[in-house]
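A quick write-up on the structure given underneath.
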Amino acid sequence: MDNISKTYEPQKFEREIYETWERDKNFHTTADRDGAPYCIVIPPPNVTGQLHMGHALDETLQDILIRYHRMKGDNTLWMPGTDHAGIATQAKVEESLRKEGTNRYELGREKFLERVWQWKEKFGNRISYQLRTLGSSCDWERERFTMDAGCSAAVRKVFVTLYNEGLIYRGTRITNWCPKCNTALSDIEVEHEDEAGHLWHLRYPFADGTGYVEVATTRPETMLGDTGVAVHPDDERYKNLVGKTLILPLVNREIPLFADSYVDKSFGTGAVKVTPAHDPNDYEMGLRHNLEQIKVIDNLGKMIDVGKYTGLDRYECRKQIVADLEAGGFLVKVENHNHAVGHCSRCHTTVEPLVSEQWFVKMETLAKPAIEAVKTGAIKFVPERFTKIYINWLENIRDWCISRQLWWGHQIPAWYCDDCGKMTVSETDVDECPHCHGKNLRRDEDVLDTWFSSALWPFSTLGYPEETAELKKYYPTSVLVTGYDIIFFWVVRMVMMGLKFRGEVPFKHVFIHGLVRDELGRKMTKSLGNGIDPVEIIDTYGADSLRFTLVTGNTPGNDMRFFRAKVEASRNFANKIWNASRFLLMNLDGFDATFKPAREDLELADKWILQRLAYRINAVTENLDKFELGEAARQLYEFIWFEYCDYYIELTKARLYGDNQRAKATALFVLTTVLEAALRLLHPFMPFLTEVIRQKLPSATGSIMLAKFPTVEELGDLLDKDKAIADAAKLILNVVKAVRNIKTEVGIDSRKKTRVVLKASDAANQKNLSDNARYLTELAAADPIEFADEKPAHALSAVVDGAEIFLPLEGLIDTEKEIARLTKERDKLQKFIASTSAKLSNEKFVGKAPANVVQAEREKLAASEEKLTALDGRIAQLKSL
RNA sequence: GGGGUUGUAGCUCAGAUGGUUAGAGUGCCUCGUUGACAUCGAGGAGGUCACAGAUUCGAGUUCUGUCAGCCCCACCA
């Protein structure tokens with residue numbers, strides 16, 4: 001036997017074990033291998049930085065599913081990789097440039113991209129290291145990156161195809177613009193937040209001097225770009241005024257008063273100033289009424305072409321405009337007004353709607369099949385409630401702005417000819433205009449939204465656009481594991497692209513998890529400084545402890561709170577397993593490992609633990625198949641700690657320390673068999689611990705991660721399914737608990753040997769107790785044990801289903817207290833009997849409830865009445881003393 | 001404005017298809033180092049399952065409403 005330390009010390013073996021697995025290529029598979037395909041593509045972590053606790057959860061869930069299926073014999077592939085995360089990574093690198101006192105424009109595009117690639121190398125490696133630390137069994141030989149050659153080829157092919165089919169188009173539109181990131185954004189990259197703002201009421205005079213119209217606005221600075229004022233066509237207040245001309249204050253531009261049913265009569269004054277160049281609604285109205293678009297805010301959020309305001313920041317300009325309006329007598333009043341304001345999801349700057357030329361994906365035709373796929377069940381969400389969120393979003397989708405004015409990303413494959421002015425979109429680079437054969441071509445400088453390449457991830461990683469063996473074998477993948485926060489960003493787009501380009505859904509299940517929050521339930525963020533580094537947790541408690549913590553104590557799809565006390569509990573569980581194994585190994589030392597007991601060698605305890613094992617195998621398997629990973633983990637916790645350690649190990653000690661070699665060998669065999677199976681069941685959750693222990697067991701060969709996942713069938717003859725075994729065990733354990741209880745109530749050490757007198761309720765129970773009396777001695781220090789028909793008067797007592805228990809403890813018995821204790825017990829029982837018999841005398845219950853339920857109630861009642869009689873007799877006896 | 005979700009022991013949370021005398025971890029109290037484990041063992045206290053109705057023989061579990069918290073979506077200036 002190896003020396004095995006007294007406590008669980010994961011730092012001593014986790015790294016080495018992972019290296020062994022990787023060296024032995026245990027993570028690797030090939031398409032031609034046997035087994036049903038099981039494939040997960042990793043949600044590629046952003047190369048912006050290192051992994052956080054949310055990633056640790058995501059990867060743990062995936063690794064559990066992957067390891068489970070690999071052990072089940074499936075041809076299992078976990079595709080790893082990382083995402084270039086265009087805007088996010090670029091922002092990080094720009095920030096570090098700022099610290100060096102330079103910027104990307106000074107560096108130039110080429111040099112800047114070199115810097116980003118260096119960044120990518122650094123954090124990409126860090127992420128791989130973290131994934132390994134966590135125990136992730138991904139196929140590293142297949143690691144991918146959203147900007148590698150293969151993914152780039154996929155992006156080009158998809159872009160060109162969609163363009164040729166008219167599903168990608170270029171157009172001038174009003175889009176969300178981040179003045180700080182200096183790029184367009186898609187709708188979902190804008191986060192709306194309620195802000196306390198103001199509603200300014202302004203007077204716009206009529207050109208003919210007949211008075212004025214009062215408008216209300218939350219953004220007075222945009223008035224510089226106003227080209228009209230709109231009212232509702234049915235608004236009586238304005239009906240006769242529509243068509244008149246107004247003079248825009250400060251600017252003195254003539255603008256029309258017109259009617260549009262978009263306007264809400266009940267809001268503000270019922271009159272809206274219209275700024276087509278800087279508000280999406282006004283933009284639409286502007287189109288309907290042929291209004292001029294006057295751009296007064298530039299890409300950086302500064303005012304342009306507006307006289308004395310030119311060059312001012314938009315908020316600075318607001319102050320001045322308000323002051324000038326007030327001075328001119330145009331400001332009527334200012335009200336407080338809360339409203340939703342859009343912010344850039346990356347840098348939190350207030351988004352500025354701007355008119356610009358961008359590339360879009362037409363969503364409607366792509367969205368329809370994506371909705372169908374979920375409605376028909378081709379894709380199933382777990383938990384199911386996310387289906388609704390997904391469908392609802394897709395049914396209200398708008399075109400997707402995919403161009404970004406960034407440098408880091410997939411550059412758009414479009415070229416403009418300076419000679420003929422025509423555009424060419426091509427999969428391969430273009431150096432000659434196909435229209436005029438001119439050579440003066442400029443490539444579109446924009447890059448694609450990072451989610452464009454992510455959308456192709458399930459098939460680009462499997463080889464697309466090549467028709468590879470992997471693509472044939474593993475697509476559609478089995479399950480996508482991700483957080484609910486990126487359903488819109490990523491899941492829907494993968495489904496759309498998968499259906500469009502493969503004709504099949506990209507995955508059959510979407511397993512959604514929640515966020516990992518801090519101890520107080522707050523999001524872990526950099527600004528709060530409340531993030532916990534998974535690697536730090538792993539260093540102190542081990543990866544297995546972290547994994548177990550992340551997967552237990554919450555329900556799929558719900559957020560979880562993370563704190564160290566939880567990890568400590570998991571670590572203690574690991575330590576428990578460690579020590580149970582240590583106990584076994586110490587006893588196994590020098591013993592014949594090839595011994596196999598006959599069925600007759602097994603005693604009650606053995607049969608019982610094997611029954612429990614069979615039960616847990618089923619429970620764990622069923623729960624894993626339902627994605628109830630936490631429940632599966634809980635089953636194992638209970639089995640190992642409460643059944644295997646608390647009872648079974650204790651019940652083998654007499655045999656292990658006794659002289660009967662065959663009995664000892666039998667106990668060791670069952671101990672080993674059950675532990676080994678439990679380790680395999682637990683392996684997906686705690687891969688390192690289970691590997692290191694199993695390798696020390698004499699029976700095991702090879703890595704546990706390639707061993708078969710336990711089945712009830714493998715127990716074969718050892719498993720005795722007789723229900724009498726469970727009943728017998730239940731009686732014994734109930735007596736054990738009762739004896740222990742009495743002892744501690746009167747202050748006797750539960751391990752101090754005490755004489756116990758038993759009175760069984762019938763012959764079967766009597767036999768059971770006497771056959772297994774040794775167990776009572778081992779678990780409750782009942783010694784000697786006697787059987788009697790009479791109730792000893794001077795004794796402490798208890799009643800369980802099937803037996804009365806007496807502890808004749810002369811000198812320790814306070815009769816009054818004993819009566820009180822038993823009376824309390826009696827009253828509780830009486831209450832239960834009252835409610836149960838009421839239930840049973842209710843004809844409706846007996847008539848309508850299922851027969852088995854009624855039968856169960858009858859049995860409970862009978863047992864309780866028997867117990868009550870015994871208790872009453874006992875109390876009477878004590879009172880007569 | 002629409003949608004989702006949560007409200008169970010001091011704290012963190014489990015409790016499919018309605019039927020247990022409602023559970024775990026942690027914390028608390030009492031006791032315990034005879035050879036797996038004090039990262040432990042034995043025992044105990046602690047909950048009218050947010051509130052009000054409804055359905056049912058029976059509801060923590062289904063439905064409706066109320067209150068409270070959280071989240072997502074949303075172009076009322």
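Sequence lines set the chain letters: A, B, ... in the order given, protein chains first and strands last, and positions in each chain run from 1. Since the structure is predicted, the reported quantities are computational estimates derived from the model, not experimental observations.
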Taking 4.0 Å as the cut-off, does a side-chain nitrogen or oxygen of N554(A) come that near to OP1 or OP2 on U12(B)? no

If you compare every side-chain N and O of K576(A) against the phosphate oxygens of G41(B) (OP1, OP2), does one of them come in below 4.0 Å? yes

Does the side chain of T549(A) reach to within under 4.5 Å of the side chain of F562(A), using non-hydrogen atoms? yes

note: D559(A), atom CG; U5(B), atom P; distance rounded to Å ~ 13 Å

Rounded off to whole Å, could you give me the CD1-to-P distance for the I748(A) and G44(B) pair? 15 Å

Contact class for P850(A) (heavy atom, under 4.0 Å): base, sugar-phosphate, or nothing? base

Checking all strands, does G514(A) fall into the base, sugar-phosphate, or nothing category for heavy-atom contacts under 4.0 angstrom? nothing

Ring of F832(A) versus six-membered ring of U21(B): centres under 5.5 Å and planes under 30°? yes

Can you check the E395(A) CD to G2(B) C1' distance for me, whole Å? 14 Å

For atom CD of E650(A) and atom P of A36(B), their distance in whole Å: 8 Å

Pick base, sugar-phosphate or nothing for K860(A), based on heavy-atom distances below 4.0 Å to the nucleic acid. sugar-phosphate

CZ of R564(A) versus P of U39(B): gap in Å, rounded? 17 Å

Please compare K566(A) and K839(A) by the position of their nearest nucleotide in RNA chain B and report the one closer to 5'. K566(A)

Check the distance between C75(B)'s C1' and D399(A)'s CG and give it to me in whole angstrom. 16 Å

Measure CZ/F642(A) against C1'/A24(B) and give the value in whole Å, please. 7 Å

Pick the C1' atom in A9(B) and in C49(B), then give their distance to the nearest Å. 10 Å

Considering every strand and a 4.0 Å limit on heavy-atom distances, what is the contact class for A565(A): base, sugar-phosphate, or nothing? nothing

Should R398(A) be listed as having a side-chain N or O under 4.0 Å from OP1 or OP2 of C75(B)? yes

If we take the C1' atom in both G69(B) and A38(B), what is their distance in whole Å? 40 Å

Check every atom of G4(B), C57(B), G32(B) against the side chain of D749(A) and return the nucleotide holding the closest atom. G32(B)

Within the structure shown, what part of the strands sits under 4.0 Å from S581(A) by heavy-atom distance: base, sugar-phosphate, or nothing? nothing

Using modelled atom types and a 3.5 Å cut-off, is there a donor and acceptor pairing between side-chain atoms of D559(A) and backbone atoms of L515(A)? yes

Reckon R751(A) touches a base, only the sugar-phosphate, or nothing at all at heavy-atom distances under 4.0 Å? base

Among Y390(A), F386(A), W393(A), find the one that has a ring-ring contact (aromatic ring centres under 6.0 Å, His included) with F488(A). W393(A)

Kindly check if the number of other-residue, nucleotide or ligand heavy atoms within 6.0 Å of NZ (K653(A)) is above 12? yes

Pairwise P distance for G44(B) and C67(B), with rounding to whole Å: 43 Å

So with a 6.0 Å cut-off around CD of E395(A), is the heavy-atom count from everything else above 12? yes

Watson-Crick or G-U wobble partner for A52(B), using a 3.5 Å limit on both distances? U64(B)

Counting any heavy atom closer than 4.0 Å, what does V263(A) reach on the DNA or RNA strands: base, sugar-phosphate only, or nothing? base

Mind checking if Y283(A) touches a base, just sugar-phosphate, or nothing, with heavy atoms under 4.0 Å? nothing

Please classify the nucleic acid contact of F488(A) as base, sugar-phosphate, or nothing, using heavy-atom distances under 4.0 Å. sugar-phosphate

Give K653(A) one of three labels, base, sugar-phosphate or nothing, depending on what nucleic acid heavy atoms sit under 4.0 Å from its own. base

State whether T744(A) places a side-chain N or O below 4.0 Å from either non-bridging phosphate oxygen (OP1 or OP2) of C31(B). no

Looking only at atom P, what distance separates A42(B) and U26(B), rounded to whole Å? 12 Å

Only pairs with both distances under 3.5 Å count, Watson-Crick or wobble alike; so what is the partner of G1(B) in this structure? C73(B)

Tell which nucleotide pairs with A42(B), taking only Watson-Crick or G-U wobble pairs whose two distances are both under 3.5 angstrom. U30(B)

Taking only the C1' atom of each, what is the distance from U20(B) to A14(B) in whole angstrom? 16 Å

Among A77(B), C57(B), A14(B), which nucleotide sits nearest the side chain of D264(A)? A77(B)

Would one find a side-chain N or O of N572(A) under 4.0 angstrom from OP1 or OP2 of C40(B)? yes

Expressed in whole Å, how much space separates the C1' atoms belonging to G47(B) and G23(B)? 11 Å

Could you check whether R571(A) gets within reach of a base, just the sugar-phosphate, or nothing at all, counting any heavy atom under 4.0 Å? base

Aromatic ring proximity H337(A)/F267(A), centre distance under 6.0 Å: yes

The nucleotide from A38(B), A42(B), A77(B) with an atom nearest the side chain of R740(A) is A42(B)

Could you walk me through whether I805(A) and V799(A) satisfy the side chain to side chain contact (heavy atoms under 4.5 Å, CB included) test, starting with their C-alpha distance in whole Å, then the side-chain angles of each, then the deciding distance to 0.1 Å, before giving a yes or no? CA-CA 6 Å; I805(A) 301 141; V799(A) 181; over 6 Å; no

With a 4.0 Å cutoff (strictly under), does any side-chain N or O of R561(A) reach OP1 or OP2 of C13(B)? yes

Are any non-hydrogen side-chain atoms of V229(A) and V272(A) less than 4.5 angstrom apart? no

Taking atom P in both G1(B) and A54(B), compute the distance separating them and give it to the nearest angstrom. 30 Å

Of the listed nucleotides A14(B), C75(B), A42(B), the one nearest the side chain of H192(A): C75(B)

Classify N392(A) by what it touches in the nucleic acid, base, sugar-phosphate, or nothing, heavy-atom distance under 4.0 Å. nothing

Between F386(A) and W393(A), which has a closest nucleotide on RNA chain B that is more 5'? F386(A)

Pick the C1' atom in C29(B) and in G10(B), then give their distance to the nearest Å. 14 Å

Does W641(A) place a side-chain N or O at less than 4.0 Å from the phosphate oxygens OP1/OP2 of G41(B)? yes

Suppose we call two aromatic rings close when their centres sit under 6.0 Å apart. Are Y647(A) and F642(A) close by that rule? no

Distance in angstrom units between Y541(A) OH and G25(B) P, rounded: 19 Å

Quick one: label F548(A) by what it contacts on the DNA or RNA (base, sugar-phosphate, nothing), any heavy atom closer than 4.0 Å. nothing

For A14(B), give its Watson-Crick or G-U wobble partner with both distances under 3.5 Å, or none. none

From the options U56(B), G19(B), G43(B), select the nucleotide whose nearest atom is closest to the side chain of F845(A). G19(B)

May I ask you to say what K743(A) touches in the nucleic acid, namely base, sugar-phosphate or nothing, with a heavy-atom cut-off under 4.0 Å? nothing

With respect to the phosphate group of C37(B), does any side-chain polar atom (N or O) of Y644(A) fall under 4.0 Å of OP1 or OP2? no

Quick check for you: among C57(B), G35(B), U12(B), whose closest atom lies nearest to any side-chain atom of Y657(A)? G35(B)

Side chain to side chain donor-acceptor pair (under 3.5 Å) assessment of H339(A) paired with D194(A): CA-CA 5 Å; H339(A) 61 136; D194(A) 272 343; over 6 Å; no

